Amino acid sequence: MEVALVHGRGGEGWTMPLPGGAVAYHPDLAAAVTAIEADARQSSNPSGGAREVGERAGTASGADGAGAGVAEKERVEDRHADPDPGGPGRPDFGHGHPDSPRWVLADAAHDYPPLLQAGARLDRCRDLRLAERILSRVEGREPPAVTAESDPDAGTLFEREPEPVDGPAILVRLQATWLDQRRRTAAADLPGLGTLLAAESAGALVAAEMSRTGVPFDRGVHDRLLRDLLGPRPTKGMRPRKLQALADKVIDAFGHQLNPDSTKQVLAAFHAAGLDVKNTHSWELASVDHPAVEALKVYREHARVWSAFGWNWADAWVSETGAPGAGADPAPADRGRFRPVYMVGGADTGRWGTDGGGALQLPHAVREAIRAEPGWKLVAADAAQLEPRLLAAISGDRAMIAATAADDLYTELAPRLGGERSKAKIALISAMYGGTAGDAAQLVQLMKDRFPAAFHRVESAARTGEKGGLVRTWLGRTVPAPGERWWQTLNSEDGIRAATGRGRFTRNFIVQGTAAEWALVLLALLRRELHERGLGELVFFLHDEVVVHCPATHADTVGAVIEQAAEAATRTLFGDMPVRIPLRPKVVDSYSEAK
DNA sequence: AACGTCAGCGCC
DNA sequence: AAAGGGCGCTGACGTT
C-alpha cells in the first residue's frame with residue numbers, strides 16, 4: 001500500500017490513496033499546519049481564490065478508475081458499483097472532476113477548519129465519524145462514545161486500542177475503517193444509504209465553511225433593538241432599566257418582593273394569592289385571572305432576549321467581518337459576522353444542532369441585525385410545509401402526493417380535512433406528532449379515512465417504536481435502539497410511559513429525519529453550485545431554510561439556483577415520483593424581512 | 001466554587 | 001390558539 005505525504009501547495013498532512021479515487025487524509029501534527037500557513041501567507045489569496053486541495057493531491061493518489069479522460073458512461077457505471085454514491089452522476093455531491101478525490105477524514109469538524117484556515121477547500125469528503133454513527137444505528141447498535149480514548153489523533157478510530165499510533169500508521173487505520181464502512185454499507189442493502197452518507201459528509205464540509213464565513217451581522221442595529229426593548233446596556237450585575245420596570249410591575253401585582261426569574265418564588269406567590277396552579281408555564285397561566293400574569297409574560301420575553309441574545313451574547317459570538325466575498329469595501333465599524341458552531345447530525349433525527357451561539361433559536365426580535373453588507377443581498381429561502389410533503393412521498397399516498405402540487409398544502413387539503421385550513425393543519429401535525437388533545441383525535445380520524453396510506457405510515461412507525469423496534473428514514477437513517485433499561489422496565493408504569501413516548505418519537509422520526517436528509521442533499525447541491533458559478537456564500541441553515549449572501553447583481557440568479565437545487569434534491573430522493581417540494585427564495589437586506 | 005438537573009421558552 | 005416531535009440556552013437551585 002502506497003503511502004504519500006504531500007507537502008506544500010495542494011496537499012497537506014498525511015494522505016494515502018484508496019480504491020475508487022478516494023484519499024485518506026490525516027492532519028499530522030501542528031508542524032504540517034504551520035507549513036501550510038506559511039505557504040498560504042506567501043500565496044496571498046486567502047479568500048477569493050481558495051485552492052482546491054483535491055486538484056493536486058488527486059495526482060498524488062494515482063488511484064484506480066480516476067484518470068483524466070474517463071468517459072462519462074464509465075463514471076456512471078462506476079457509481080453503480082460504488083456503495084457510496086452521492087448526487088445524480090456526481091459522487092459525494094462534489095463537482096466530480098476525475099482528478100478530484102474523495103477525501104476520507106476521521107472527523108471533518110476537527111480536521112477541516114485548519115485546512116480552511118490555510119486557504120484550502122475540499123470538494124468532497126467522507127466523514128468517518130459521522131458515517132460510523134449512521135452505520136452503527138442501521139445495524140441496531142450505538143456508535144462508540146466519543147471519548148479521549150477514541151480520539152483519532154491517539155490512533156484509536158472507533159475501537160479502543162492501548163498503544164498510540166502516529167504518522168503514516170494512522171492512515172492504515174483510516175483505510176481499514178473506510179473499507180470496513182464500505183463493506184457494511186453494501187451489506188445493509190438499503191438503496192439510499194450511500195446517498196445519505198455522502199450528504200452527511202457534504203454537510204460536515206458546509207458546516208465548517210459556514211462557521212468560518214459567518215452570518216453578516218450589524219452590531220449597531222442589534223444595539224438599537226436591545227435599547228428599544230430593554231433600555232441602555234446596564235453595568236454588570238444590574239438589570240436593564242426597562243426590564244427592571246417590568247420586574248417591578250410583577251412585584252407590584254403580587255404586592256410583595258420576589259425575583260421573577262425564580263419559578264419557586266413565582267409559584268409560591270400565586271399560591272399565596274389563592275390561585276391553585278401546578279406550574280408557571282405560560283399556557284398554565286393563560287387561564288389564570290391575576291394582574292401578575294401579563295406582567296410576568298412580558299418580563300420573561302424580554303429577559304430572554306437580554307440574557308440569551310443580548311450584548312453579552314454579541315460580544316461572545318459576533319466577531320470581525322473577515323468577509324471572504326465582500327472584499328472591496330472596508331466594512332463599517334459596527335459590522336461583524338455571527339459565527340455559531342454547528343453540529344452536523346446533532347439530533348438523532350439528523351437535524352443539526354449548535355454548540356454555542358444559539359443559532360438555531362435566534363428569536364425574531366433580533367433578526368433585523370442580520371443584514372447584507374453594502375452592495376450585497378441576502379437570499380433567504382424556506383421550504384413550506386416540508387414535513388407533510390415528505391410524509392406524502394415516503395408513504396406513497398397518491399392523493400396526498402397529488403396535493404403537493406399546490407403551494408399551500410393545508411389549503412389544498414382543507415376540503416377533505418375538516419373544512420378549514422387550520423383544521424387540516426392540526427390533522428396533519430397531530431398525525432405526525434401523535435397529538436390527541438382537543439380536536440386532534442377527531443381530525444386524525446379524518447386523516448385515516450381520507451389518506452389511509454399516509455396515516456398508516458406514521459401509525460406503523462409508532463407501533464414499531466412502542467414495541468422497541470427500529471424505524472428508518474427514506475434514505476436509511478435509523479433510530480437508536482432502546483437501551484437495556486428500556487426493556488427491563490417495559491412492564492412497569494414507567495415502562496409503559498416510556499414505550500408510548502418512544503412511539504411518538506419514532507412516529508415523528510421518519511418525517512423529521514427525512515426532512516433533515518432532504519435539506520442536507522439540498523445544502524450539498526447548493527454548495528457545489530454556488531462555488532462552481534462563484535455566485536455567493538452560504539451563511540445560514542436552519543432545518544428547512546437556507547440563507548445565501550451574495551452581490552446584489554447575483555441575487556435573482558441565486559434565487560433561481562436555490563429553487564433548482566431544491567428540485568434536484570427532491571429528484572435525488574424520490575426520482576420520478578410526482579411529489580413537489582417548493583422552496584421560496586426571497587431577496588432581502590435583512591433576515592427579518594424573510595418569512 | 002463547580003457541577004448537574006429542572007423549569008421555562010426560544011427556534012424549526 | 002391548541003396539539004406535540006426535535007433541539008439549546010438560561011437562571012435558579014440543590015448537591016458535592
Side-chain angles (χ1 to χ4, degrees), chain A residues 237 239 247 258-268 277-287 296-310 312-313 316-317 340-343 345-367 382-388 391 420 422-423 425-444 447 458 461-462 465 471 473 477 479-480 500-516 519 540-546 591 594-595:
Chain A
R239 281 199 185 99
L258 87 168
N259 178 2
D261 288 326
S262 166
T263 45
K264 199 182 165 192
Q265 290 178 36
V266 170
L267 191 61
V277 292
K278 290 198 299 289
N279 53 55
T280 69
H281 282 134
S282 51
W283 57 87
E284 173 81 7
L285 297 179
S287 58
L296 183 66
K297 181 173 176 284
V298 179
Y299 172 82
R300 280 175 170 170
E301 278 172 22
H302 293 203
R304 174 92 201 154
V305 173
W306 175 51
S307 63
F309 297 95
N312 292 343
W313 168 84
W317 293 102
V341 177
Y342 297 95
M343 294 189 306
D348 287 339
T349 56
R351 275 190 175 181
W352 289 14
T354 52
D355 184 12
L360 273 46
Q361 301 102 244
L362 264 189
H364 289 97
V366 302
R367 291 189 178 188
D382 75 308
Q385 303 135 5
L386 178 58
E387 294 188 359
L391 172 58
E420 296 161 34
S422 60
K423 296 205 171 191
K425 184 176 179 180
I426 295 169
L428 275 165
I429 289 178
S430 301
M432 292 187 296
Y433 292 157
T436 53
D439 289 349
Q442 185 199 335
L443 290 167
V444 168
M447 269 285 298
V458 285
V471 300
T473 61
R477 195 188 298 270
V479 286
T500 311
R502 188 161 194 276
R504 272 200 300 274
F505 170 53
T506 52
R507 173 196 293 273
N508 183 248
F509 180 93
I510 59 169
V511 181
Q512 188 186 118
T514 302
F540 198 51
F541 169 59
L542 181 53
H543 306 318
D544 66 350
E545 64 182 277
V546 294
Y591 188 36
K595 270 205 160 158

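Order of the sequence lines fixes the chain letters, A, B, ..., with proteins taken first and strands second; residue numbering starts at 1 for each chain. Predicted model only: the values in this text are computed from it and were never measured.
The shortest distance between side-chain heavy atoms of Val277(A) and Leu267(A) falls below 4.5 Å. Between Leu285(A) and Lys297(A), the closest side-chain pair of non-hydrogen atoms is not below 4.5 Å. Put simply, the side chain of Leu386(A) does not reach to within 4.5 Å of the side chain of His543(A), judged on heavy atoms. Using a 4.5 Å heavy-atom cutoff, the side chains of Asp261(A) and Tyr299(A) are in contact.
Checking the phosphate oxygens (OP1, OP2) of dA2(C), no side-chain nitrogen or oxygen of Lys425(A) falls inside 4.0 Å.
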_Using a 4.0 Å heavy-atom cut-off to protein, can you give one letter per nucleotide of nucleotides 4-12 of chain B, 5' to 3': B if the base is in contact, S if only the sugar-phosphate is, - if neither?_
---SBBBBB

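Rounded to a whole Å, the CD1 atom of Ile429(A) is 12 Å from the C1' atom of dA1(C). Per the geometry, CZ belonging to Arg507(A) stands 13 Å off P belonging to dG6(C), to the nearest Å. Between Tyr342(A) atom OH and dG8(C) atom P there is a gap of 14 Å when expressed in whole angstrom units. Atom CD in Glu284(A) sits roughly 13 Å away from atom P in dA2(C) (whole-Å rounding).
Relative orientation of the Phe505(A) and Phe509(A) rings is perpendicular, given thresholds of 30° and 60° on the angle between their planes.
With DNA chain C read from its 5' end, the first of the two nearest nucleotides for Asn259(A) and Met343(A) is the one closest to Met343(A).
Atoms CG and CD1, on Leu443(A) and Ile429(A) in that order, are 11.5 Å from each other to the nearest 0.5 Å.
Nearest nucleotide to the Ala347(A) side chain, out of dC7(C), dC13(C), dA2(C): dC7(C). When the nucleotides dG6(C), dA2(C), dA12(C) are ranked by their closest atom to the side chain of Phe505(A), dG6(C) comes out on top.
At the heavy-atom level, Gly357(A) lies under 4.0 Å from the strands shown only through sugar-phosphate atoms. Residue contacts shown for Ala440(A) are absent, as no nucleic acid heavy atom lies under 4.0 Å away. Residue contacts shown for Asp382(A) are absent, as no nucleic acid heavy atom lies under 4.0 Å away.
Aromatic ring centroids of Tyr342(A) and Phe541(A) lie 6.0 Å or more apart.
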